[in-house]
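Quick caveat, the model's predicted, so the values are computed rather than measured. Sequence lines set the chain letters: A, B, ... in the order given, protein chains first and strands last, and positions in each chain run from 1.
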Amino acid sequence: MLDLRLVREHPELIEQQLARRGMALDLTGLQLIACQERDLQQQRSGLQAEGNQIGRDVGERMRAGEAPHSPAVQELRDRGNHIKRQVSVLEEEEKQLEARLRQQLLAFPNLPAAACPEGRSEADNVEVRRWGSPRVEAGLEEHWQLAERLGLLDTERSVRIAQSRFVTLLGQGARLERALINFMLDLHSSRGYREVMPPILVNTASLTGSGQLPKFAEESFRCADDDLWLTPTAEVPITSFHRDELIPAEQLPLRYAAYTPCFRREAGSYGRDTRGLIRLHQFNKVELYWFCHPDHSDAAHVELTGHAEAVLRALELPYRVLDLCTGDLGFSATRTFDLEVWLPGAGAYREISSCSNCGDFQARRSAIRLKDGKKTRLLHTLNGSGLAVGRTMAALLETGQQSDGSVQLPGALVPYFNAASLTADG
RNA sequence: GGAGAGGUGGCCGAGUGGUCGAAGGCGCAGCACUGGAAAUGCUGUAUAGGGGCAACUCUAUCGAGGGUUCGAAUCCCUCCCUCUCCGCCA
């Protein structure tokens with residue numbers, strides 16, 4: 001959420017920054033509402049101050065022994081009543097303005113960071129670096145072909161259980177998924193992340209706090225009877241873990257690593273990536289999350305991205321890093337580095353992690369502040385996949401495929417999977 | 001799901017209509033004492049929003065929302081949550 005003060009005092013700054021995202025906005029209307037709201041508040045609190053004084057006066061007279069219905073007291077009462085009516089009128093107006101303001105503010109995305117490259121779409125994202133040598137050969141299988149042949153998953157029966165875009169992992173496939181989750185969590189724990197396993201049904205306030213609501217309601221599955229939603233990412237429960245908290249500066253940064261299933265409706269993506277593990281309604285993800293001091297969030301962002309990269313390196317999966325341009329930035333992010341893993345079968349880089357600095361955007365929505373001496377200020381939140389587990393499996397399958405039909409696994413995974421390869425009779 | 005109890009500041013805990021943003025304690029910070037520390041003493045220590053260069057000041061907040069009243073932490077209504085017992089259950 002954007003700072004209301006900024007809306008009042010420098011709406012042109014917001015217009016400029018959101019223009020970088022490709023949004024043409026005129027905030028004069030909103031600014032007007034914001035100022036009206038402030039003026040109403042001033043009027044109202046002035047009246048309330050007067051009312052409070054009357055209350056004190058009456059109390060004093062009564063204590064002095066004056067009769068409760070003496071003319072003087074009665075007059076004070078009348079004035080008190082009059083003020084009360086005025087206040088309630090102002091309050092009603094104020095509430096309406098506040099609701100309108102909030103509704104509009106919640107719909108604005110975060111402002112891009114100064115360093116964020118300019119651009120209109122993903123075509124303008126800037127490649128920052130590459131790691132590893134991508135395997136480029138003709139005749140390689142795609143991961144869903146490999147997975148089907150090796151019996152790692154069952155798509156058809158999953159439709160019977162749920163619907164399309166769900167998958168059931170089986171045998172080696174299920175074990176590999178489990179091995180990957182453990183491998184990733186161990187790696188992050190060893191770097192100081194605190195492991196968390198949060199609720200994956202979350203309430204509306206949580207989804208609003210991290211930015212998925214109100215704008216992206218159609219992206220999440222909802223349990224209508226309970227004000228609960230299935231989490232689209234662990235970012236949601238982790239943000240809310242500290243919602244409405246005031247955290248001593250010396251405790252920062254707080255760093256969490258969470259494995260959770262994630263649920264997305266993928267509305268509007270019909271026909272895309274319908275086979276295999278790339279785009280599912282339910283998928284597993286290990287998420288990295290930082291709550292940090294605003295002065296350190298840029299450095300933290302680089303560090304967090306490095307931690308996600310470390311997983312790819314340990315698994316010997318070539319990848320590239322993109323600095324997302326202003327036009328491709330997610331709603332809550334002020335800057336994002338995407339990691340794209342090389343899929344030799346598909347012959348393309350595919351997103352496997354998105355590492356974002358959200359600045360104070362989620363912290364303001366979720367009221368998460370830090371206390372630095374006497375000062376309180378909003379802290380910064382960062383998140384990144386470390387990594388999307390299904391996509392990691394896809395990359396491992398395509399990268400490790402052998403001419404004999406088996407799949408060779410990287411050495412780092414052997415202790416977790418208890419075998420060095422996947423085979424047709426495994 | 002049924003019955004009962006309860007939700008007060010960073011924490012514990014007092015407070016059943018007026019001067020209560022709230023006693024007391026703990027914690028924390030500063031000062032004094034000390035060679036240094038402990039102990040002790042003194043002082044300070046909530047959040048949000050508004051106004052002011054600032055000192056400061058106004059408003060709101062005692063789970064949430066509404067009501068009664070000149071005045072509500074305190075009375076009334078609704079909701080949420082927590083705890084205990086019973087039931088059910090991985």
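The partner of B:G9, taking Watson-Crick or G-U wobble pairs whose two distances both stay under 3.5 Å, does not exist in any strand shown. Summarising the base pairing, B:A22 is matched to no nucleotide, lacking a Watson-Crick or G-U wobble pair whose two defining distances lie under 3.5 Å. Figure legend. B:A37 is base-paired to no nucleotide; pairs are counted as Watson-Crick or G-U wobble with both atom distances under 3.5 Å. Base pairing analysis places B:C28 opposite B:G44; the two distances defining the Watson-Crick or G-U wobble pair are each below 3.5 Å. Taking a pair to require two hydrogen-bonding distances under 3.5 Å in either a Watson-Crick or a G-U wobble arrangement, B:G65 pairs with B:C77. Of all nucleotides present, only B:C86 satisfies the Watson-Crick or G-U wobble test against B:G1, with each distance under 3.5 Å. Across the strands present, B:A55 finds no partner; the criterion is a Watson-Crick or G-U wobble pair with both atom distances under 3.5 angstrom.
Within the 6.0 Å centre-distance limit, the rings of A:Phe361 and A:Phe331 are counted as a close aromatic pair.
Between the C1' atoms of B:C28 and B:C81, the separation comes to 30 Å (whole Å). Taking atom P in both B:U84 and B:G10, one finds a spacing of 25 Å when rounded to whole Å. When the C1' atom is compared between B:G18 and B:G13, the two are found 24 Å apart, to the nearest whole Å. Separation of the C1' atoms belonging to B:U16 and B:A22 is 15 Å when rounded to the nearest angstrom. Comparing B:U43 with B:G49, their P atoms sit 31 Å apart, to the nearest whole Å. Distance noted for atom P between B:A14 and B:G50: 36 Å (whole Å). Straight-line distance between the C1' atoms of B:C56 and B:C62: roughly 26 Å, to the nearest whole Å. Rounded to whole Å, the separation between the C1' atoms of B:G27 and B:C80 comes to 30 Å.
Taking the ring axis of A:Tyr256 as reference, the NZ or CZ atom of A:Arg194 does not stay both within 45° of it and closer than 6.0 Å to the ring centre.
Nearest heavy-atom pair across A:Cys325 and A:Asn125 is N-OD1, 2.8 Å.
Protein chain A contacts RNA chain B from B:G18 to B:G71, reading 5' to 3' and using non-hydrogen atoms of the protein with a distance under 4.0 Å.
Within the 4.5 Å cutoff, the side chain of A:Ser210 has no heavy atoms near those of the A:Arg365 side chain.
Closest-nucleotide positions on RNA chain B for A:Gly80 and A:Gln42 were compared, and the one nearer the 5' end corresponds to A:Gln42. RNA chain B is contacted by both A:Arg5 and A:Ser45; A:Arg5 maps to the nucleotide lying nearer its 5′ end (nearest heavy atom per residue).
Using a 4.0 Å heavy-atom criterion, one finds that A:Arg63 contacts the bases of the nucleic acid, with or without backbone contacts as well. In this structure, A:Arg8 reaches the sugar-phosphate backbone alone: every heavy-atom distance under 4.0 Å involves primed, P, OP1 or OP2 atoms, never a base. If you check every strand for non-hydrogen atoms under 4.0 Å, A:Arg56 touches nothing. Here A:Asp78 lies out of heavy-atom contact (under 4.0 Å) with every strand. When heavy atoms are screened at a 4.0 angstrom cut-off, A:Leu246 is found touching the sugar-phosphate backbone but no base atom.
Around CD of A:Glu122, the count of heavy atoms belonging to other residues, nucleotides or ligands within 6.0 Å does not exceed 12.
The distance from atom CG of A:Leu47 to atom NZ of A:Lys84, rounded to the nearest 0.5 Å, is 14.0 Å.
Below 30°, between 30° and 60°, or above 60°: for A:His281 and A:Phe166 the angle between ring planes is between 30° and 60°, a tilted geometry.
With sequence neighbours excluded, the residues forming a side-chain contact (heavy atoms from CB on, under 4.5 Å) with A:Glu142 are A:Trp144, A:Gln145, A:Ala346, A:Glu398, listed by chain and number.
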